[in-house]
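Counting convention: from 1, in listed order, for ligands and their atoms alike.
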Amino acid sequence: MDLKSNHTSPVLADPAPINKSRLGIHSSLFHYPTSGAVFSTGLRHLIIPKRKPGILDDVRSSSWLDAMKSSSPPHKKMTKDLNSEIAVDDVALAYRAWMLNYPSALASFEQITTIAKGKRIALFLDYDGTLSQIVDNPDTAFMTSTMRTAVRNVSKYFPTAIISGRSRDKVCLGCVITYLLFHHQFKQVHEFVGLTELYYAGSHGMDIMGPDRRGTSDNQPTCAKSTDKLGKEVNLFQPASEFLPMIDEVFRSLVNITKEIPGAKVENNKFCVSVHYRNVDEKNWEEIAQCVHDILKDYPRLRLTHGRKVLEVRPVIDWDKGKAVEFLLESLGLNNCNDVLTIYVGDDRTDEDAFKVLREGNLGYGILVSSVPKESKAYYSLRDPTEVMQFLNSLVTWKQSNAL
Ligand SMILES: O=P(O)(O)OC[C@H]1O[C@H](O[C@H]2O[C@H](CO)[C@@H](O)[C@H](O)[C@H]2O)[C@H](O)[C@@H](O)[C@@H]1O
């Protein structure tokens with residue numbers, strides 16, 4: 001792979017026809033229209049559009065608040081009340097109907113492994129809501145020790161990357177803290193961070209620490225050589241590095257402007273900022289949206305996206321989790337290979353960019369983690385992080401039994 005030649009080309013690669021048979025995926029497995037063009041998996045030049053998408057002119061417009069209200073599945077409440085039980089039954093029925101389009105990746109495991117036979121699996125995992133349960137305080141969203149073991153095991157057998165909206169350091173640290181919490185042994189922390197096949201991409205893919213592919217990143221301004229915590233040479237890819245001072249400034253302004261709103265929390269994720277409203281009374285959601293809007297109107301090069309009870313402020317660059325997947329596949333020498341099956345597991349709207357890349361490039365499967373029906377570009381579903389862990393463990397067992 002030649003990162004240099006791909007990155008310096010400002011030209012979009014010619015659209016190539018979708019080749020469904022490349023992975024041997026039967027067309028009946030595609031829930032979405034299969035016509036249309038697809039980009040090659042080569043990396044595209046970053047484009048900063050002139051118009052800023054994503055910011056609404058008026059936060060009182062229903063779509064802004066509607067998006068905030070629908071941004072996370074409600075917690076299920078089981079009560080003895082008859083009407084509620086009927087409602088719960090309706091929810092269960094709707095979920096079952098939805099699963100006809102997004103079958104369980106656990107129930108479909110044999111189908112997945114049949115297609116994966118003879119191929120190398122590349123695994124991409126979102127963090128919040130996928131590897132860790134959604135909790136009220138983002139600072140305490142750790143993986144369980146059993147999940148940590150599952151990630152560790154799976155990364156021994158398959159190249160694995162964690163792609164998160166959080167800053168890369170926080171994701172790495174989250175893994176380390178999990179280790180400390182459950183093992184209290186530095187040696188194992190060291191072991192976890194040092195896993196040769198585990199890669200991290202923070203800030204929605206805008207901060208990637210990937211493998212060192214010697215000679216590929218020379219003359220590449222946004223791809224720098226670095227060393228990880230163990231002194232191993234790695235490549236750092238930070239396509240939004242020029243936005244760092246702006247993001248810091250906006251972070252401080254957002255902290256200041258929201259400080260009187262009870263429950264509001266602003267998180268600096270290095271190349272993006274998260275404004276959490278999970279713990280804000282719904283009557284104050286319009287106020288928090290207005291605060292974000294008031295700050296962003298002075299920053300035409302920043303835009304807003306919605307996550308799970310969070311408003312995400314990020315640079316207007318042509319880069320997202322989908323591009324990060326393409327970048328990492330290329331860095332790992334796994335792009336343009338007929339014998340690679342890519343699996344991406346995620347729960348959030350930002351993960352849809354990666355699902356789309358896999359679907360349109362016929363590269364593999366997106367797996368949506370959701371306990372409620374949601375429109376998605378994923379092929380399969382898992383209900384929650386517990387099922388994600390079962391899926392990861394199944395992959396390991398399958399690989400071990402095939403190695404015999
Ligand atoms: O890409 P991800 O790894 O899914 O990160 C997206 C955001 O996740 C975190 O927020 C979400 O999880 C929190 C902890 O469970 C929850 O309290 C919050 O409501 C969710 O939106 C993280 O704190 C954000 O910075 C990430 O951007």
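- Looking at His276 and Glu267, their side chains do bring a donor and an acceptor atom within 3.5 Å of each other.
- Counting atoms of ligand 1 from 1 in the listed order, those under 4.0 Å from a heavy atom of Arg278 are 16 (C), 17 (O), 18 (C), 19 (O).
- We find that Arg120 and Asp339 are joined by a salt bridge, their nearest charged nitrogen and carboxylate oxygen being less than 4.0 Å apart.
- In summary, Asp347 and Arg308 engage in a salt bridge, as defined by a charged side-chain N under 4.0 Å from a carboxylate O.
- Those atoms of ligand 1 with a heavy atom of Ser274 less than 4.0 angstrom away are 24 (C), 25 (O), 27 (O).
- Protein heavy atom closest to atom 6 (C) of ligand 1, with residue, atom name and distance, is Glu312 OE2, 4.0 Å.
- Listed by atom number, the atoms of ligand 1 under 4.0 Å from Tyr127 heavy atoms are 3 (O).
- Scanning the protein heavy atoms around atom 8 (O) of ligand 1, the nearest turns out to be Asp128 OD2, 3.1 Å.
- Contacts between Asn269 and ligand 1 below 4.0 angstrom, taking non-hydrogen atoms only, involve the side chain exclusively.
- At most 12 heavy atoms of other shown residues, nucleotides or ligands fall within 6.0 angstrom of atom NZ in Lys356.
- Across Arg166, His276, Lys309, heavy-atom proximity to atom 18 (C) of ligand 1 is greatest for His276.
- Numbered from 1 in the order shown, with element, the atoms of ligand 1 that lie under 4.0 Å from a heavy atom of Gln133 read 15 (O).
- Protein heavy atom closest to atom 3 (O) of ligand 1, with residue, atom name and distance, is Ser164 OG, 2.7 Å.
- Aromatic ring centroids of Phe271 and Trp319 lie 6.0 Å or more apart.
- For the residue pair Asn393 / Asn153, no side-chain donor-acceptor distance below 3.5 Å is found, with atom types taken as modelled.
- In terms of protein heavy atoms, atom 20 (C) of ligand 1 is closest to Arg308 O, 3.2 Å.
- The closest side-chain donor-acceptor pair between Tyr380 and Gln111 falls under 3.5 angstrom.
- For the pairing with Asn269, the side chain to side chain donor-acceptor pair (under 3.5 Å) check across Lys170, Glu312, Arg166 returns one residue only, Lys170.
- Salt bridge Asp169/Lys270: absent, no basic N to carboxylate O contact under 4.0 Å.
- At a heavy-atom cutoff of 4.0 Å, ligand 1 is contacted by the side chain of Lys321 but not by its backbone.
- Atoms of ligand 1 lying under 4.0 Å from any heavy atom of Ala141, numbered from 1 in the order shown and given with element: 14 (C), 15 (O).
- For atom 23 (O) of ligand 1, the closest heavy atom belonging to the protein is Glu267 OE1, 2.7 Å.
- Under a 4.0 Å criterion applied to the non-hydrogen atoms of Asp136, ligand 1 contributes the atoms 17 (O).
- Counting protein heavy atoms only, atom 2 (P) of ligand 1 is closest to Asp126 OD1, 2.9 Å.
- Remark: Arg314 pairs with no residue by the salt bridge (Lys or Arg N to Asp or Glu O under 4.0 Å) rule, at least two apart or across chains.
- Within the structure, the closest approach of Lys170 to ligand 1 does not fall below 4.0 Å when heavy atoms are considered.
- Considering only non-hydrogen protein atoms, atom 14 (C) of ligand 1 sits nearest to Val135 O, 3.5 Å.
- Close approach of ligand 1 to Val310 is summarised as follows: ligand atoms under 4.0 Å from at least one heavy atom of the residue are 21 (O).
- If you check the side chains of Lys259 and Asn256, you find a donor sitting under 3.5 Å from an acceptor.
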